[in-house]
Amino acid sequence: MNRRNHRRGMRILTLCCLIAAALCATATLNIALPQDTYDVVILNGRVIDPESKLDGIRNIGISNGVIKAISEKSMRGRTTVLATGLVVSPGFIDLHSHGQDQENYRFKAMDGVTTALELEVGTGNANQWYAQRQGQALINYGASIGHIPVRIAVMHDPGVFLPSGDGAHKAASDSEIDEMKRQIEQGLNQGALGVGFGINYTAAASHWEILEMFRVAAKHRSPCFVHMRYAGLKEPTNSIRALEEVLSASLITGAPLHVVHISSMGLRATPMLLQMIGEAQSHGLDVTTECYPYTATQTNIESAIYDEGWQEALGIDYKDLQWVATGERLTAESFARYRKTGGGVIGHAIPEEIATISVASPLTMIASDGGIQNGKGHPRGSGSYARVLGRYVRELKALTLVDALRKMTLMPAQRLEGISPMMKNKGRVRVGADADLTVFNPTTVIDKSTFEEPAKYSEGVVHVLVGGVFVVKDSALQSGVNPGKAIRAR
Ligand SMILES: [Zn+2]
């Protein structure tokens, strides 16, 4: 090597050393900056946020249970998952989940749900209800104070979940109504998320009694979550009149109104009910609604729903009823027999086109109305969310993916923000929001549960985080974690 070449060689060597040193310094700098290392990083997913309308490939950094960064830049985390080809969505929020134990929370988590709330039937004792779940829940939980359980207690009904005696069939005295108001007020003071109603189940509750309960709700600016008084189209006791009752109650008292499972009440009248709700909204009434993506209902056979006249009201007959415990279809004989013992019965009553119309409507949120008990129940308890994404979005193309996610995340969060400001940090993929996230494969996500086998986990939900903690990871439930927190009123 001559001298000139030697000098050139030295210069190249020096340059290389400088570049190497610079690279080292950058690397050291990255490690030294704590904000660059997150607890969890989700890389390269299609992030969809219905509020900001973000729909793009991003990395997400999570620390201390909160979304800290959403960026196209590289990130490092103590735990990193790759989400290439997957959708990263806000965790699903189910406003109507009767199953409130670990068995159900597992089904919910595998279906992408990070918050499951019992707002229709609710509880009769909010403090006790929340205390029973504290620190022991896989996902977030919450309940309303319920007119049904309060009426069961005040009227000394033998029913546990739904009334079958005086709670359903006896008119309340003025003093009994006063006692119900007192217990509902107490529940709201304890942080219950609204007032639940099942007027169809408490059939003897007068219109005045219902108005009195709405007045208590209005005092707390608390929404009323209502299963309406009548179902179906048959005049004069039909779902249109039932919706008029609660729209009026909301208008008269000022309490916000949420009508539960619109399609199982409306049946063939569902498009009319949706039109009524849209019209009431356009005049400024605070009214919302929800539906589940199935063609059958489920309730208890001994409840007032199956009092005389149910065939005409629901437009179905014995053969359309399916006994939950055995899966058998009923006859007049077995119906009479089971009505004495009591238990869950599925009613195949909702036409397919009505299920599709209600899932696709921009007015409805998705809510399951589900509950699995020892592996028995309605498939909605385990498959509602994956079914909307797999069947109604991907297969039927009844609505877009972004619209479906809005109905599962942002809309239910917004419904509750007035009574529970903590919901402003849920239902969004936003810096500063709670890291409740659902990561799923849009090409495979689907429900697997059926009316015959309801206890089957949905497929295609890959990761689910609750407060930054994995409850589902690589499509498997995680054991030994209970990050679920109480959702309560302000
Ligand atoms: Zn209901």
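Treat the numbers as computed from the prediction; the structure is a model and nothing was measured. As the structure lists them, so they are numbered: ligands from 1, and atoms in each ligand from 1.
At least one N/O/S atom of His261, whether from backbone or side chain, sits less than 2.8 Å from the Zn ion (ligand 1).
With respect to Arg151 and Asp157, no salt bridge is recorded, no charged nitrogen being found less than 4.0 Å from a carboxylate O. A salt bridge links Glu245 to Arg229: at least one charged side-chain nitrogen sits closer than 4.0 Å to a carboxylate oxygen. With respect to the salt-bridge test (charged N to carboxylate O, under 4.0 angstrom), the residues Glu179 and Arg182 qualify.
For His227, the N, O or S atom closest to the Zn ion (ligand 1) goes by the atom name ND1. For the Zn ion (ligand 1), the nearest N, O or S atom contributed by Glu120 is named OE2.
Heavy atoms of other residues, nucleotides or ligands lying less than 6.0 angstrom from CZ of Arg488 number more than 12.
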